[in-house]
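The structure appears right after this line, and notes come after that.
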Amino acid sequence: MLAAFPLLLAAVSPQSIAIADTAARPATPVVAPDDGAANPAVPAPEPQADPQAASTPGGDIVVTARRRSERLQTVPLAVAVLSGETLANAGAFNVNRLQQFQPALQFYSSNPRNSAINIRGLGAPFGLTNDGIEQGVGLYIDQVYIGRVGASTFDFVDIDRVEVLRGPQGTLYGKNTTAGAVNITTKKPNLSSPEATFEVSTGNYGLVQLKGSASAPIADGKLGVRLSTSVTKRGGSIYDTAIDKNLQKQDNFSVRGQLLWQATPNLDLNFSADFSLQNPYCCVQYYARLGATQRPLNRQYAALAAAAGYKPPSFDPFDRVTDLDSSINSRQEVGGLSLVGNWDVGGATITSVTAWRYWDWQPANDRDFVGLPITTVSQNPSQQKQWSQELRIVSNGDRKLNYTLGAFFFDQTIDTQGSQVQGPAASAWLLNPTSANGKNPLVLDGLTSTNSIHFSNQSFAIFGKLNWEAAPRFHIQPGLRVNYDKKSGFYESVVSIHNAQYNFVATADNVAALLKNGAALADQLNTLAPQRYSPRFSAWNLSGDLTLSYDFSRDIHGYATYARSFKSGGINLSGLPLNSTNTGVDLSTQTVKPEKENHFELGLKTQFLDRRVTFNLAAFWTDIKDYQATVNNGQTTVIRGYLANAARVRVRGVEFDSSFRPSQRLSLYANGAFTDAKYVRFRNAPCPPELSGGTAALPGQTPAAPGTPGLSPLVCDISGSILPGISKWSFSFGGEVNAPVGGGQVYLGYDGSYRSKFSSNPSRSFYTDINGYSLSNFRLGFRKDKWNLYGWVRNAFDQHYFELLSTQSGSTGLIVGQPGDPRTYGGTFRISF
């Protein structure tokens, strides 16, 4: 089976070649090419940035190709590779943990559905997920594009390696990726001999994790099977006093099966099926701090809580206690089938990737974030199905002119059944507490919004890349992509209330008539507004890139890249802001323009001391027009956001990746990124919390034109402010030292990371800045032959930090947070047969 990352290298490396996974073709040992190294024919080492990997005398880092190998250092691309063993040893068992190794990678998740992967601060708008847009960072498992980022929250199962590619990859991938890609490659069936691996981990908070995999040939050299599974259970780290339960529990199960058939020496087929179930008792955000807004004091958190006789169980979020009174859950189910075929036809290799996948999301949330019955139900169960077909042809051999050509089709549907219900405390909290309606619990008690949402997405692309050796050691590599996207959707929200005082059903058709009946209905329908609209978007797009690379010597390689990329336009499917009369929605906001990106990058890859020292450097500058940003939708209680375009964004920075292995007893690594990401021009942005909720213009605010989306009549010019979610400085560092004992090795490993302050709100606010923090993970163990036993401690110094900060709806000034894991510790035993 072709691995996604080696195939990518086939198109961008100075010697464009067809890539095949060596597990599918095991007859030829993997060796480094003879390029003048002291020992040119040594077994291939583990991938780059793997401090625990065995090193070769020449320090080569090798990627496999069509029964030959290619040094990763010669590839003109900013890329880091982590082996499955390194990830397991460090406890990085999902994508969230990868950011501790890769400074340029950011992962955000308030729950599995509302998850995003960003690279260099770009990829997905920061905030709540909107189904109608593309991800700028592609997530791939065994070459299959994964349309739901929520799948990345599952445990890694039987991983061979993970590659993180930085920068646009649109001329190399089926699905367009403007910010980068995360490629996960699993281990393949063994066609020659049986093998098995078993791993058990246990730790505090009741952690129990079991992983196992087994592979065996069915017909020697012709047919093999592999089965892998993982189970993780852990108790909660946050105590809910209202229901006397611990929250943030983990409950994961995954299984994957593969059947590999070497039909002929030149044709292999790999069939894969997987199923994963995640049923954690999570995810929770609760009181973190307060920040004054422009609302009247009696409508801000302190006064509202006092009037209700309420206070949180603790004002220190790191006491890890809350009192959420609604059920929470984050159940999701993911599965799929794929068939990957590689056919070597002599002058080229043809690869086909056919896949079908589904995703089923069944959540429950407490969206008012306090222990009062304000919003008693808030959930959006969703079901996604996707089908994809990719076909590629890649030239074989080491020629002056090589090529990669591909076509890709993607079809996706998502159906969502949303609901939100207000409780008996809603009127006093959400309306003016001194008004008659604010004093009457029945005005909002039982107010219900029922949503029906449908999304259909078809995408087709033809892409290709040439690799021309114009002169010895100098390569010109142009790429081109023609892309078509078509998106259609339907959104309908029906609002109803049935209690002793009120009884009505409001739709988009009768809302204007109902509003004429009195102020109570106006308050009700401003709290939850009925809507119905059917957005459409379709467009062709042409993009491309050009890379120039030069091999200065066998260990010094440079490249320069320009890419003109784009991220498809989209449709808003989380509800639209009301129009200026509050009688309907502003239909001008139902679609969002494509992002247009100009990307420049310079890179230098170097090795010294017989390749025991590696130091790679990349500098980049990215300008984006019509950047897709998340905007609050302006209603009182619905915290879902819609999308809008910021006129211009700029991201620039410098990154380095380095490793040093002075001997077999010591290995060190250090990676870093400086990223300057800001809105160059965003003059109609939502105001930050401290400027929200008022009606009179303040410094930095301007009145909105009639009909401008959003509840507030004011918008803010945030040009020059930083993008959310990205630290200016971030680093990862660590290493391992070992000593021979009793025929094995005693070893001590350390992995550390640091992130400087970053914004956790689309419009930067002092209240939602997350302070910089560092994390330290240690492991101490003994390994011998086929087994490994070690103890570990993660977040060893019990660093208090937030993963996310958010504002409560309605400009009350409440800032809620999602704290990172506290110190955890335990042990792991792994054995291979």
Side-chain angles (χ1 to χ4, degrees), residues 295-296 298-299 304 307-308 367-368 372-379 418-453 491-533 574-587 589-590 632-640 642 692-695 704 706-713 808-812:
R295 296 199 81 175
N298 71 335
R299 302 195 68 181
L304 292 170
R367 286 298 194 189
D368 56 46
L372 293 172
I374 301 168
T375 301
T376 57
V377 174
S378 178
Q379 56 198 28
S419 60
Q420 179 161 326
V421 180
Q422 303 308 131
S427 296
W429 193 274
L430 301 175
L431 305 179
N432 186 340
T434 62
S435 68
N437 290 335
K439 295 177 181 178
N440 182 0
L442 293 178
V443 172
L444 295 184
D445 188 16
L447 185 69
T448 300
S449 172
T450 303
N451 304 329
S452 297
I453 308 170
Y491 181 96
E492 182 175 36
S493 174
V494 176
V495 177
S496 63
I497 187 170
H498 305 284
N499 60 35
Q501 186 172 352
Y502 298 97
N503 185 8
F504 72 83
V505 176
T507 68
D509 296 324
N510 66 4
V511 61
L514 288 172
L515 283 171
K516 296 178 181 178
N517 291 335
L521 280 173
D523 281 337
Q524 290 161 343
L525 298 181
N526 185 52
T527 300
L528 294 176
Q531 300 185 10
R532 185 176 64 242
Y533 59 97
S574 295
L576 300 180
L578 302 180
N579 58 22
S580 58
T581 62
N582 285 349
T583 58
V585 295
D586 187 336
L587 293 178
T589 63
Q590 64 181 324
N632 294 332
N633 67 4
Q635 286 180 235
T636 307
T637 65
V638 184
I639 66 167
R640 306 179 197 102
Y642 72 96
S692 65
T695 57
T708 297
L711 178 67
S712 171
Q808 187 189 44
S809 301
S811 301
T812 68

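Considering only heavy atoms from C-beta on, Ser427 stays 4.5 Å or farther from Lys439 through its side chain. Contact of the Leu444 side chain with the Trp429 side chain is not registered, since no non-hydrogen atoms from C-beta on lie closer than 4.5 Å.
Just one residue in the list Val505, Val495, Thr450 forms a side chain to side chain contact (heavy atoms under 4.5 Å, CB included) with Pro530, and that residue is Val495. Tested against Thr376 for a side chain to side chain contact (heavy atoms under 4.5 Å, CB included), the candidates Val421, Thr448, Asp368, Asp445 yield a single pass: Val421.
Residue Gln422 comes nearest to Leu430 through the heavy atom pair NE2-CD1, 3.6 Å, listed as atom of the first residue, atom of the second, then distance. Gly438 and Leu431 make their closest contact through CA-CB, 4.0 Å (heavy atoms, listed as atom of the first residue, atom of the second, distance). Closest non-hydrogen pair, Ala508 versus Gln531, comes out as CB-C, 3.9 Å. The shortest non-hydrogen separation linking Ala506 to Leu514 is CB-CD1, 3.5 Å. Considering every non-hydrogen atom in both Ile497 and Gln524, the closest pair reads CD1-NE2, 4.0 Å. Between Leu372 and Ala425, the shortest heavy-atom distance links the atoms CB-CB, 4.3 Å.
To the nearest 0.5 Å, the span separating CG on Leu576 from OG1 on Thr589 amounts to 4.0 Å. Asn437 contributes atom CG, which lies 5.0 Å from atom CG of Asp523 (distance to the nearest 0.5 angstrom). Atom CD of Gln420 sits about 5.0 Å away from atom CG of Leu528, to the nearest 0.5 Å. The CD atom of Gln590 sits 13.0 Å away from the OH atom of Tyr491 when rounded to the nearest 0.5 Å. Taking CD1 of Ile374 as the reference point, atom CD of Gln808 lies at 6.0 Å (rounded to 0.5 Å). Here the OH-OG distance, from Tyr502 to Ser496, works out to 15.0 Å after rounding to the nearest 0.5 Å.
Each salt bridge (charged side-chain N to carboxylate O under 4.0 Å, His left out) pair with one or both residues in residues 491-512, not counting sequence neighbours, appears once here: Glu492-Arg532, Asp509-Arg532.
For Asn440, the side-chain hydrogen bond (donor to acceptor under 3.5 Å, both in side chains) partners are Gln501, not counting sequence neighbours.
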